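A quick write-up on the structure given underneath.
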Amino acid sequence: MNEVRAPTPTPTVRLSRMAFLACALVMMPMARPQPVIAQFSTPCETRCALVLGASSYAVGTGALVAWARSSGGISTGREGLWIWASGFALTVGSGIALSSDGRRQERAVYGSGVGVLAGSAAGFLVGTFGAGSGPRPLATALIGAGAGALIGGLFGALTHDGGGEPRDSGGSAVPLFSFAWSR
Amino acid sequence: MRRLGWVILFAGSSTAAGCTAGQVEYEAMLSTPPLTPSPEATLFLVGDAGEANEERSAVLAHLRSEVDAASASGVPVVVAYLGDNIYEVGARTSALEEDLPKLEAQVEPIPARSNVRGVFVPGNHDWAKGGAADIGRAAVRTQREWLGRIAEGRNVALLPGDGCPGPSTLELGTSAYLVFIDTEWLLREPPDECGGAESFYERLEADLERFPDRPVVAMGHHPMVTGGPHGGNVAPLYRGPFVFYLATKAGVSRQDLVSSRYADMITRLDSAFLKSGNPPLVFAAGHDHNLQVIRTEALAATYQLVSGSGSKSSNARRIDGTRYATNGHGYMRLDFLRSEVHLVVVGTTEGESALRHIFSCVLSSSTTEQTCPEARLRGDGL
């Protein structure tokens, strides 16, 4: 059976790719530096950050429990840590990524908080049917909390109409490399 | 309002921090009248002795003295090591100098060219602690090979030692019938040439039916019931803020009794015990690092013994049927007489460092009803 291989880039293609990369690297420092805004600025401040932390905790734990219950159990602590940390980082990163729009960020974060509560309650109720005792109600509550955080956060972010308070002044994202050409 | 929130948070955290995994406190209790010291056969149960430390040295030294005394009369003696014989990840050929001595120390209490036999059962750590199936199987087979290499005239073996679930069986003279199971294999059910789980349970039933007139002791690494950490007895802030606690309670780890895989294994083992018509008198295991004696009507095997504090220690709370439990280091001993089976727990009590007999009872007697009474709780207990 002939082995299928990916086509090798021609020299022209290689040159084009390198030129594109070089242009990008040259242009990035030339962007005008902007003031860095806080990751959690008005109106999403410390309280909002704590809610995001709690929601991220719920997503990480929910993901861990869902993975373990579906596969018969995890085998090592490291495997569990990877799953938990991935869920946690995903949610935290998503919340921070909305930093350019404080109001949207706030809605997303508080939406995820509400989702944690609603999801855990719904999950618990589901878990008490049938088995009713043992680890199942807790497991479904944790999975529900994680799912609720994600759904609530998405809902909060996507239903923000973008109107209302104007953006914070100077609230543009900072380019990867930045230094001032001139003032 | 903000201040109240911080107060609540602080109070909650302090409360959670103060919560520890429960440890029931029993008084030492030896059977009255004293047990007859002339058995026809003796079985020692030592678990999780795969870590080299001072505590293990003390346990193995005391074990050696008891083994020597038991074998002096010429009766058959078996020393069963109930898994996790080499921490952390079993036998590694690449770490021979580090891992082999952990095994050698456990072989040492077994006298050479004697009536004493040593049996090692694989535990989850011996299966490379969660490593891939082929790596785990290789570690088990390496451990079997090492035992053969260091035996030097001693009768020692890893049973089951081929990376399959077993069961392996052994007649303890004419006094008892011993069955050894690789419960880690049962939790993994890896794809291999062992014939699958169904055939294991069929073999188990058939083996149990062989000697209906003898007490059967089944042994594996994983207990069927326990009041220790693997049974959910963990503190809220153990290994991090609530994550480990919640994960344990929700059955995340395959190594915990509440996980679906483990619960299924318990159900199937119990079913096989029941179907055989000759269920074990005792199911002995390690895995939790404590000493527990549990009598339960809920399982086919009447007595559940956890002897897992050969080198490590963890708390054990009182559960339904607990007769005795301690987080101290030690081991257990079963003496088989013509018409009775005696249990002795050897360990340390609070404030003492020397091992001694701390609990004993009659597990079964052909002449009188025996229920192995519960030891007295110390103070309030848990």
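To find a chain, count down the sequence lines: A is the first, B the second, and so on, and within it residues start at 1. All values derive from a computational prediction rather than experimental measurement.
- Of the atoms belonging to A:Ile74, heavy atoms from both backbone and side chain fall under 4.5 Å from chain B.
- In B:Asp134, the CG atom is crowded: over 12 heavy atoms of neighbouring residues, nucleotides or ligands sit closer than 6.0 Å.
- B:Val252 has its side chain out of reach of A:Trp67: every pair of non-hydrogen atoms, C-beta onward, lies at least 4.5 Å apart.
- From B:Thr248, atom OG1 reaches atom CG of A:Leu138 across 10.5 Å, with rounding to the nearest 0.5 Å.
- Going from atom OG1 of A:Thr61 over to atom OH of B:Tyr245 covers 14.0 Å, rounded to the nearest 0.5 Å.
- If you measure heavy-atom distances from B:Lys249 to chain A, the contacts under 4.5 Å come from both the backbone and the side chain.
- Taking OG from A:Ser75 and NZ from B:Lys129, the interatomic distance works out to 11.0 Å, rounded to the nearest 0.5 Å.
- The two atoms that bring A:Pro135 and B:Gly251 nearest to each other are CB-N, 4.2 Å, heavy atoms only.
- Summarising the geometry, atom CZ belonging to A:Arg136 is positioned 11.5 Å from atom OG belonging to B:Ser260; distances are rounded to the nearest 0.5 Å.
- Of the listed residues (B:Asp264, B:Asp256, B:Val258), the greatest number of heavy-atom pairs within a distance under 4.5 Å of chain A belongs to B:Val258.
- Contact of A:Trp84 with chain B is made through the side chain alone, with heavy-atom distances under 4.5 Å.
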